[in-house]
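Accompanying notes for the structure given below.
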Amino acid sequence: MFTGIISDIGEVVSTEPNAGGKRIVMRVPWKDLPAGASVACNGVCMTAAEVKDGTMMVQASSETLTCTTLGEWRSGFRVNLERPMKIGDELGGHLVYGHVDATVKVVERWDQNEETRLFFETTPMYSRFISSKGSVSIDGVSLTVNKVQGPYFWITVIPYTRDHTTLHQLDVGGRANMEVDRLARMLARLMTDRTL
């Protein structure tokens, strides 16, 4: 489980197809990362299958490639990284599971007074879980939703977040990984499924 507070930026070194999925090698800043550890990579919980010489290799399944942007990653692509929180750690963002629901498309971007406002389009299936002043994870970053209007919602990226994550790379037409607030999803399920 993660918090959506990005600690580091990694960089894709290489990618190659692998049994219907994809092997991705990334440069990471940690010396103490053990093989088998979980790492959130742009919001996707991945297993560090191999760790050596300042890199980790992860294996993305066909399902992961379908639901996320990992299929688009190429050498040089920069990635938001977060290691899992430990019991007793400060929960600075919100509970992020690393289970990406879908990708969202950037439909508009405003840069003004050092802030960046990103407007996203999603589908009705997921927009119902997003609420104004609620939380959402975009490429692994815990963010507060400014407003929701139909399938559209927008967030504001403050200078600190812009400078310490890869959100500044997002531009109109680009896609990002989104995980909706799990509490909102469970509440919606409880409200509609009376058999639970």
Side-chain angles (χ1 to χ4, degrees), residues 2-18 21-33 35 37-61 64-85 92-94 96-111 114-121 136-144 154-179:
F2 307 91
T3 68
I5 304 300
I6 302 305
S7 61
D8 297 283
I9 304 294
E11 184 176 324
V12 175
V13 175
S14 64
T15 67
E16 62 177 295
N18 179 40
K22 190 174 188 178
R23 287 168 50 99
I24 302 170
V25 176
M26 282 178 275
R27 191 170 291 110
V28 295
W30 310 303
K31 302 294 185 187
D32 62 339
L33 183 70
S38 293
V39 178
C41 305
N42 268 20
V44 185
C45 182
M46 304 295 291
T47 299
E50 293 177 7
V51 179
K52 61 180 180 181
D53 302 326
T55 67
M56 73 171 181
M57 186 275 289
V58 299
Q59 295 174 305
S61 68
T64 299
L65 296 179
T66 298
C67 298
T68 71
T69 62
L70 269 71
E72 303 168 10
W73 293 8
R74 300 290 180 267
S75 177
F77 186 80
R78 290 165 55 81
V79 180
N80 293 321
L81 299 176
E82 182 188 355
R83 294 175 74 168
M85 68 178 189
H94 72 283
V96 177
Y97 290 76
H99 304 159
V100 169
D101 292 294
T103 61
V104 289
K105 182 180 177 182
V106 181
V107 293
E108 196 171 343
R109 172 177 169 153
W110 294 354
D111 292 286
E114 296 191 356
E115 292 182 346
T116 297
R117 185 171 288 184
L118 295 170
F119 296 75
F120 296 98
E121 180 180 16
V136 67
S137 169
I138 299 293
D139 276 348
V141 184
S142 174
L143 296 161
T144 301
W154 56 92
I155 55 95
T156 299
V157 181
I158 63 171
Y160 183 89
T161 303
R162 179 198 62 213
D163 296 342
H164 291 84
T165 72
T166 64
L167 292 181
H168 65 277
Q169 298 178 161
L170 289 176
D171 212 340
V172 175
R175 295 193 313 137
N177 297 319
M178 177 187 73
E179 180 184 327

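FYI, side chains are in, hydrogens and waters are out, and symmetry mates aren't considered; it's all heavy atoms of this structure. Keep in mind that what you see is a predicted model, and the values were worked out from it rather than measured.
Between Arg23 and Glu16 there is a salt bridge, since at least one side-chain N of the basic residue sits less than 4.0 Å from a carboxylate O of the acidic one. Under 4.0 Å is where a charged nitrogen must lie from a carboxylate oxygen, and between Arg83 and Asp32 at least one such pair does.
Under the side chain to side chain donor-acceptor pair (under 3.5 Å) criterion, Ser7 pairs with no residue at all, not counting sequence neighbours. For the side chain to side chain donor-acceptor pair (under 3.5 Å) test, no residue two or more places apart in sequence or in another chain qualifies with Thr55. Evaluation of the side-chain contact (heavy atoms from CB on, under 4.5 Å) rule for Cys67 yields Glu63 as partners, not counting sequence neighbours. Qualifying side chain to side chain donor-acceptor pair (under 3.5 Å) partners for Thr165, counting only residues two or more places apart in sequence or in other chains: none. In this structure Glu108 satisfies the side chain to side chain donor-acceptor pair (under 3.5 Å) test together with Trp110, sequence neighbours excluded.
Taking each heavy atom of Thr15 and Trp73 in turn, the nearest pair found is CG2-O, 3.7 Å. The minimum heavy-atom distance between Leu70 and Lys22, with the atom names listed, is O-NZ, 3.2 Å. Minimum heavy-atom separation, Arg109 to Thr116: NE-CG2, 3.8 Å. In terms of heavy atoms, Glu179 sits closest to Gly43 at OE1-O, 4.4 Å. The heavy-atom pair separating Ser137 from His94 by the smallest distance is N-CE1, 4.0 Å. In plain terms, the two heavy atoms of Ile138 and Leu167 that are nearest each other are O-CD2, 4.0 Å.
The list of salt bridge (Lys or Arg N to Asp or Glu O under 4.0 Å) pairs with a residue in residues 167-176, not counting sequence neighbours, reads Glu72-Arg175.
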Requested in this report: Please test Val51 against Trp30 for side-chain contact (heavy atoms from CB on, under 4.5 Å), starting from the C-alpha separation and ending with a verdict.
Outcome: CA-CA 10 Å; Val51 179; Trp30 310 303; over 6 Å; no
Requested in this report: Under the side-chain contact (heavy atoms from CB on, under 4.5 Å) rule, what do Phe119 and Val106 come out as? Steps first, then yes or no, please.
Outcome: CA-CA 6 Å; Phe119 296 75; Val106 181; over 6 Å; no
Requested in this report: For the pair Thr166 and Val79, evaluate side-chain contact (heavy atoms from CB on, under 4.5 Å) and give the outcome as yes or no after the intermediate values.
Outcome: CA-CA 7 Å; Thr166 64; Val79 180; 5.9 Å; no
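To the nearest 0.5 Å, atoms CZ (Phe77) and CD1 (Ile24) are separated by 9.5 Å. Here the CG-CG distance, from Asn42 to Asn80, works out to 5.0 Å after rounding to the nearest 0.5 Å. Distance CE/Met46 to CE/Met57: 9.5 Å, rounded to 0.5 Å. Taking CD1 of Ile5 as the reference point, atom NE2 of His164 lies at 12.0 Å (rounded to 0.5 Å). Gln59 CD to Thr47 OG1: the interatomic distance, rounded to the nearest 0.5 Å, is 9.0 Å. With rounding to the nearest 0.5 angstrom, the CD atom of Glu11 is 7.0 Å from the OG atom of Ser75.
Of the possible polar contacts, one joining the Asp139 side chain to the Asn177 backbone as a donor-acceptor pair under 3.5 Å is found.
Tyr97 and His99 have tilted rings, their planes meeting at an angle from 30° to 60° on a 0 to 90° scale.
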